[in-house]
Asks: 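Please find one structure pasted underneath; my questions will follow.
Numbers here simply count residues along the sequence, with the first being 1.
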Amino acid sequence: MIELLDPADLPRARETGAVVAGILQTLKGRSVAGTNLLDIDRWTQAMIAEAGAQSCYVDYAPSFGRGPFGHYICTSVNDAVLHGLPYDYELADGDLLSLDLAVSKGGVVADSAVSFVVGGAPAPEDVAMIGATERALRAGIAAAGPGARIGDISHAIGSVLGAAGYRINTEFGGHGVGSTMHQDPHVSNTGRPGRGYKLRPGLLLALEPWVMADTAELVTDADGWTLRSATGCRTAHSEHTIAITDGGAEILTLPR
């Protein structure tokens with residue numbers, strides 16, 4: 001299903017995006033050595049409630065997961081890259097943490113993710129990998145606008161990731177959002193320009209470049225949710241929700 005947001009409802013989408021961005025920025029500031037992933041989850045639950053929003057994750061039970069997710073945020077550490085199920089683990093200096101959050105407010109969903117290294121001395125290779133996903137995200141957003149096609153976004157993202165030397169997995173990628181979290185169209189992290197769905201004003205897309213340092217192969221953790229690199233290498237993930245408008249792409253989940 002592809003939904004198009006009425007222009008009059010764009011302020012609601014902006015409000016949801018601001019909630020997601022604010023929670024992620026607060027969590028990033030609190031995530032230091034010694035922070036437990038379950039505390040991050042509890043903080044997220046409280047902030048969602050305080051904002052008058054609803055979790056998109058806690059009851060989520062898609063075909064690729066094992067039952068309801070049961071938590072409020074994805075916390076992916078080091079070799080975990082997607083759908084990281086929070087568990088009893090205390091962060092250590094040097095851990096590479098990705099936080100992925102989607103909430104609904106006023107009937108509109110926003111979805112965003114950020115990756116960062118815990119502590120004050122990140123390894124250069126981690127900085128480079130995170131930076132590649134952020135540049136790819138910017139390139140994908142720049143390629144989005146009325147009249148462009150999904151393939152233009154995918155090509156822009158894939159060109160940046162490929163030029164940086166990363167292999168690209170196409171099992172999971174970006175997606176439409178609207179009244180629900182995961183909608184069509186799928187937005188692969190690589191593709192051919194000029195192909196796929198033609199973008200229209202009112203379309204909301206979550207774009208999410210993610211990579212693993214030396215592989216494109218995923219394995220599923222014993223928890224039934226967390227996706228890890230098959231080689232145990234480190235990973236990174238960046239994501240924003242954008243709205244296609246007459247003037248181009250508006251980023252809804254930018255920190256304020």
Side-chain angles (χ1 to χ4, degrees), residues 31 37 57 62-66 69 71 73-87 89 91-102 111-119 121-141 143 150-151 153-175 182 186-193 195-196 206-240:
S31 298
L37 299 183
Y57 291 165
S63 59
F64 56 79
R66 184 187 297 164
F69 188 72
H71 291 272
I73 190 167
C74 296
T75 55
S76 302
V77 183
N78 296 333
D79 65 323
V81 64
L82 297 173
H83 313 155
L85 194 72
Y87 66 104
Y89 173 78
L91 294 169
D93 275 332
D95 277 345
L96 201 167
L97 175 63
S98 297
L99 300 174
D100 188 354
L101 175 65
D111 190 358
S112 185
V114 60
S115 293
F116 56 95
V117 177
V118 176
E125 57 268 28
D126 290 341
V127 174
M129 183 166 53
I130 294 168
T133 65
E134 293 172 343
R135 292 196 310 277
L137 181 55
R138 290 194 295 270
I141 293 169
I150 291 296
I153 299 174
S154 297
H155 178 72
I157 290 172
S159 295
V160 172
L161 298 180
Y166 297 103
R167 305 175 196 178
I168 301 171
N169 178 289
T170 56
E171 295 173 78
F172 295 91
H175 50 89
H182 285 142
H186 173 72
V187 188
S188 175
N189 284 328
T190 187
R192 297 175 64 182
R195 301 296 184 93
L207 307 183
E208 48 182 314
W210 59 273
V211 293
M212 301 174 282
D214 63 15
T215 185
E217 184 179 352
L218 291 167
V219 294
T220 303
D221 193 87
D223 64 20
W225 276 100
T226 305
L227 296 178
R228 300 184 182 275
S229 62
T231 61
C233 68
R234 288 163 68 104
T235 69
H237 177 200
S238 296
E239 180 179 14
H240 274 311

Asks: Parallel, tilted or perpendicular: which describes the rings of Phe64 and His83, with under 30° parallel and over 60° perpendicular?
Replies: parallel

Asks: Just so I know, are the side chains of Val187 and Ser154 near enough to count as touching, which here means a heavy-atom distance under 4.5 Å?
Replies: yes

Asks: Taking atom SG of Cys233 and atom CE of Met129, what is their separation to the nearest 0.5 Å?
Replies: 7.0 Å

Asks: Does Leu96 offer a backbone N or O that forms a donor-acceptor pair with the side chain of Asn78 under 3.5 Å?
Replies: yes

Asks: Just wondering, do Trp225 and Pro86 contact through their side chains at under 4.5 Å, heavy atoms?
Replies: no

Asks: Is it true that a side-chain atom of Asn189 and a backbone atom of Glu208 form a donor plus acceptor pair closer than 3.5 Å?
Replies: yes

Asks: Determine whether Tyr87 and Thr75 make a side-chain contact, defined as any pair of heavy atoms from C-beta on separated by less than 4.5 Å.
Replies: no

Asks: Measuring from atom CD1 of Ile73 to atom CG of Leu101, what distance do you get when rounded to the nearest 0.5 angstrom?
Replies: 5.0 Å

Asks: Is any side-chain heavy atom of Leu91 closer than 4.5 Å to one of Ser31?
Replies: yes

Asks: Indicate yes or no for a side-chain donor-acceptor contact from Thr133 to the backbone of Pro209 under 3.5 Å, with no hydrogens or angles considered.
Replies: no

Asks: Less than 4.5 Å apart, side chain to side chain, heavy atoms only: is that true for Trp210 and Ser98?
Replies: no

Asks: Counting only N and O atoms by type, is there a donor-acceptor contact under 3.5 Å from the side chain of Asp95 to the main-chain atoms of Leu97?
Replies: no

Asks: Under 4.5 Å between any side-chain heavy atoms of Glu171 and Leu227, yes or no?
Replies: no

Asks: Less than 4.5 Å apart, any side-chain heavy atom of Val77 and any of Val118?
Replies: no

Asks: Just wondering, do Phe172 and Val81 contact through their side chains at under 4.5 Å, heavy atoms?
Replies: no

Asks: Is there a donor-acceptor pair under 3.5 Å between the side chain of Asn169 and the backbone N or O of Glu217?
Replies: no

